[in-house]
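Chain A is the first sequence line, chain B the second, and so forth, proteins listed ahead of strands; every chain is numbered from 1.
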Number of protein chains: 2
Amino acid sequence: MELSERKLKILQAVIADFISTAEPVGSRTLSKNHDMGLSPATIRNEMSDLEDMGYLTHPHASAGRVPSDKAYRLYVDKLMNTGDLPEEMKRRITEELESGEAPDAVAKKAAEILSDTTNLISFAITPSGRESKLQYVNVLPVADQTVVIMVVTDDGKVNNTAVRLTCDYTNENLELMSKVMTHNLKGKTVNDILTMNIVQTLETDLRSLSALPQSVIPSFMQTLKKMLDSNLYMDGYSKVFNLPEYSDVDRAREILSLVEKKEHLTNVLVNRDEGLVITIGDENSDDMKDMALITADYKVNGRLVGKLGVLGPKRMKYGEISSVIKYLTDNINRSFEITEDKPEGDPEEKETDE
Amino acid sequence: MELSERKLKILQAVIADFISTAEPVGSRTLSKNHDMGLSPATIRNEMSDLEDMGYLTHPHASAGRVPSDKAYRLYVDKLMNTGDLPEEMKRRITEELESGEAPDAVAKKAAEILSDTTNLISFAITPSGRESKLQYVNVLPVADQTVVIMVVTDDGKVNNTAVRLTCDYTNENLELMSKVMTHNLKGKTVNDILTMNIVQTLETDLRSLSALPQSVIPSFMQTLKKMLDSNLYMDGYSKVFNLPEYSDVDRAREILSLVEKKEHLTNVLVNRDEGLVITIGDENSDDMKDMALITADYKVNGRLVGKLGVLGPKRMKYGEISSVIKYLTDNINRSFEITEDKPEGDPEEKETDE
DNA sequence: ATTAGCACTCAAAGCGTGAGAGTGCTAACA
DNA sequence: TGTTAGCACTCTCACGCTTTGAGTGCTAAT
C-alpha cells in the first residue's frame with residue numbers, strides 16, 4: 001500500500017497531537033481539531049490502514065492511536081518542520097553563552113540552557129583531549145616538596161595535578177624542566193605523547209636534574225591522561241516529573257538511574273555519529289528503547305570534539321529541539337573558532353563571515 | 001511526667017523499628033520483636049504517655065506510632081549508638097580515597113562514596129578559596145593574543161582563565177608581569193586581594209608594559225572570583241526511589257527539585273555550623289521540613305573549608321551514617337594535612353618506574 | 001501495676017457498576 | 001467508488017460499597 005497524500009496528512013496530525021497531549025488520539029478529536037474536511041469514519045479507515053502499514057498502534061481496543069517508532073522516524077525525516085527559533089530565544093541563548101569561557105564551563109552552561117529551553121534532561125560532554133596539541137608544560141612550585149604540573153593545549157584546555165615529590169627541587173630546576181618538556185613536546189597530540197616513550201626522549205636533556213624527572217614525569221602522564229577523559233555535565237533531572245509518561249515512579253526511576261550512570265552515557269555519546277543525530281526507540285540501545293535521544297557535536301578550534309543533547313520520551317518536539325541544539329552548537333563553534341589565523345602549522349583556513 | 005527507663009526503652013524500640021521498616025509501629029509488633037517482657041496492653045499505655053509527652057504521633061486512629069521530631073532529636077542526642085564501622089567498609093573507603101588528588105576530585109569522590117555507603121543523596125562542597133593564600137600567579141602564552149592566567153594558592157587550589165588580549169605581548173612581558181604580581185600578592189588571602197585596589201598597587205611596577213595590565217588584570221580578578229565559589233558535587237539522585245517515602249511521585253519530585261537547586265543547597269551548607277551537624281525536620285529550613293540533613297566539614301591545610309553530607313527522610317540510620325561521615329572527613333583531613341612542615345607522617349611513598 | 005478482652009476506628013484492598021471514549025463493521029448515500 | 005452515518009461492541013477509568021485487618025482505648029479482672 002502507498003502512503004497517499006491524505007494518509008500522510010492524517011499521520012502527521014496524529015503525531016502532532018500525540019506529541020503535545022501524550023494521549024492516544026482518536027478519529028473524532030482529529031477530525032475536529034484539524035478540520036481536514038473528513039468525517040471521523042473516513043479517518044478511522046485511514047488510520048486502520050496506517051496501523052496495518054506499521055505507522056500506528058493501539059494500546060487497547062477502545063483507545064485512540066499512538067505513533068510507532070516507524071512513524072516518528074518518518075516524521076523526523078520528512079514531515080516535521082525545523083522552523084527558525086523565535087528571536088527572543090536566540091537572543092537569550094547568545095547572551096547566556098557569550099564569554100570566552102573554557103570548554104568545561106561552556107559545556108556546563110550549554111547543558112543548562114538546553115534543559116531550560118527544551119524542558120528535558122540535557123547533557124554535554126567536553127572534548128576529549130586526544131587530538132589536542134600540547135602547547136605548554138609548566139612545573140610550578142607550590143610548597144616544600146610539592147609542585148603543580150600544568151599542561152595547556154592549543155584548544156584552550158588547561159589541566160593540572162599537584163605532586164608530592166620524593167626529592168627536593170630548586171626553581172631553576174623546575175624552569176629548566178618546563179622548558180625542556182615544552183620544547184620537546186609542543187605541537188604533538190596528547191595521544192601521541194602518551195604512546196611514545198617520553199622518559200627516554202627527555203632523559204638526555206634532563207640528566208642534570210637527577211631525581212626530579214622520575215618524580216614528575218609519572219604525574220605529567222597522569223595529567224595527560226586526565227585530558228583524554230570527557231567530562232559529562234547534565235541538567236534538568238527533575239524535569240522528567242513534568243511529563244505524564246514519568247508519573248509512574250518506576251518509569252521515573254528508570255530514566256533517572258539510566259542518566260546517573262555517567263560513564264555509560266558518556267560512552268553512548270562518544271560513539272555517536274557526527275552531526276545532528278536523532279535516534280528513536282528501537283534505534284537506541286536496550287536501556288533506552290522507549291526514549292528518544294537527540295545529539296549534536298561542536299568543535300573547538302576546528303577539531304571535532306564535544307557533544308551535547310537531550311534525552312526524553314519518544315514523544316518530543318523534534319523540530320523545535322533540533323533547532324535549539326543546532327543554534328546552540330553553531331554558537332559554540334563560532335565562539336571557539338577565533339583562535340585561528342596563527343602562522344603555526346594548522347593547514348585548514350576557515351573564514352568567518354556574516 | 002518523667003521519662004522512665006522503661007519509656008526510654010520503648011521509645012528507642014519504636015524509633016529503631018520505624019527507621020528500619022518505615023511503617024508505623026504498633027504495640028503488638030513491639031512486644032513480639034523486642035521481647036521486653038511486657039504485654040501489648042502495657043506498651044500501649046506507655047506509648048500513649050509518650051504521645052502525650054510529644055515523642056510519638058499517630059498518623060490516624062488505628063495506626064501504629066511514629067516518632068516525632070522531638071523523638072528523633074532525643075534519639076540522636078542520647079539513644080543512638082555510633083558504633084565503629086566494619087573493617088571491610090573502612091578499608092574500602094580508605095582505598096577509594098587514597099591518592100593525593102586536588103580538592104575538587106576529592107569532593108567528587110567523597111560524595112560518591114557517601115552515597116554508596118548510605119544509600120542516600122549525598123553531596124560535598126569544595127573549599128571556598130576565601131581564606132586561601134595566594135602562592136603564585138602565572139601568565140602564560142597560549143596563542144597569538146591569547147594567554148592563560150593561572151593562580152595557585154597554598155592549599156593546592158589551581159584556577160585558570162584563558163584571556164583574549166586587546167594588545168600584543170612578548171614572553172618577557174608576561175614573565176615580568178607574573179613575577180611582579182606574585183611578588184606583590186603572595187601570602188595575601190584571595191578575599192583580601194579582591195577587596196584591595198589591586199590596579200593601583202601594581203600600576204607603578206607594571207608601567208613599562210603599557211596596555212598589558214589593563215587586559216590581564218580584570219581576568220585575573222575573574223579567576224580569583226572563581227576561587228571564592230564552592231563547587232558542589234552530588235551523587236545518588238536515583239537512590240530516593242528505593243525509599244518507600246518517595247514512592248509517591250510528588251514526594252520524589254520534591255526532594256529532587258530541591259537538590260537540583262544547587263546554589264540554594266550550597267548556601268545551606270556554607271551557613272552550617274562546624275563539626276558533625278544533624279538537623280531533623282523542623283530544625284531545617286522550610287523546604288526540608290520533612291527531611292533530615294547530616295553534614296560535617298573537612299579541612300585543607302588546617303583551614304576549615306569543605307563540607308559534605310547526606311539528605312534523606314527523617315527516618316535515617318543516624319548512627320551508622322554519622323560514623324561514615326566522621327570516618328570520611330577524618331580521612332580527608334589526614335590526607336590534606338601533609339603539606340605541613342613535618343616531613344613525617346606519610347606511611348607509603350609511591351615510586352613509579354619503567 | 002499489669003493484662004486480657006472487647007468495642008471501635010480507619011486505611012487499604014477488592015468488587016461491581018456505569019460512563020465515556022473509541023473502534024470496526026455495515027449499509028446508505030452522492 | 002469513496003465517504004459517511006449509525007450502531008454494536010470493547011475496554012479503561014472513576015466511583016462507591018463492602019470487607020479485612022491492624023491497631024487503639026477503655027474497662028474490668030488479676
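Listed by chain and number, the residues in a side-chain hydrogen bond (donor to acceptor under 3.5 Å, both in side chains) with Arg272(A) are Thr279(A), Thr295(A) (sequence neighbours excluded). For the side-chain contact (heavy atoms from CB on, under 4.5 Å) test, residues two or more places apart in sequence or in another chain that qualify with Ser285(B) are Asp287(B), Met288(B). In this structure, Ala16(A) has no side-chain contact (heavy atoms from CB on, under 4.5 Å) partners at least two apart in sequence or on a different chain. Every residue meeting the side-chain contact (heavy atoms from CB on, under 4.5 Å) condition with Ala22(B), not counting sequence neighbours, appears here in chain and number order: Pro244(B), Glu245(B), Arg315(B). Applying the side-chain contact (heavy atoms from CB on, under 4.5 Å) rule to Ser115(A) yields the partners Ser122(A), Asp235(A), Lys239(A); only residues at least two apart in sequence or on another chain are considered.
A heavy-atom distance below 4.0 Å to DNA chain D is reached by these residues of residues 52-72 of chain A, ordered by number: His60(A), Ala61(A), Ser62(A). Near DNA chain C, meaning a heavy atom under 4.0 Å from it, residues 9-39 of chain A has Gly26(A), Ser27(A), Thr29(A) in order of number. Shown for residues 41-50 of chain B: residues whose heavy atoms fall under 4.0 angstrom of DNA chain C, namely Ala41(B), Thr42(B), Arg44(B), Asn45(B).
Side chain of Asp69(B) to backbone of Asp282(B): a donor-acceptor contact under 3.5 angstrom is found.
Applying the side chain to side chain donor-acceptor pair (under 3.5 Å) definition to pairs two or more places apart or across chains, those involving residues 43-56 of chain A are Arg6(A)-Glu46(A), Lys7(A)-Glu46(A), Lys7(A)-Asp49(A), Ser27(A)-Arg44(A), Glu51(A)-Arg65(A). Listed by first and then second residue, the ring-ring contact (aromatic ring centres under 6.0 Å, His included) pairs that reach into residues 232-264 of chain B are Tyr237(A)-Tyr237(B), sequence neighbours excluded.
Residues Leu308(B) and Ile125(B) form no side-chain contact, since every pair of their non-hydrogen atoms from C-beta on lies 4.5 Å or further apart.
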Using residues 76-88 of chain A as the side-chain source, report each donor-acceptor pair under 3.5 Å to any protein atom, sequence neighbours left out, with the distance given to one decimal.
unit_1   : atom_1 : unit_2   : atom_2 : d
Asp77(A) : OD1    : Arg73(A) : NH1    : 3.1
Asp84(A) : OD2    : Lys90(A) : NZ     : 3.1
Glu88(A) : OE1    : Arg91(A) : NH2    : 3.1

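Within a 6.0 Å radius of CD in Glu112(B), other residues, nucleotides and ligands contribute more than 12 heavy atoms.
Taking every nucleotide of DNA chain C with any atom under 4.0 Å from a non-hydrogen atom of chain B, the first and last of them, 5' to 3', are dT2(C) to dA11(C).
The pair Lys32(B)-Asp35(B) does not count as a salt bridge, with every side-chain nitrogen at least 4.0 angstrom from each carboxylate oxygen.
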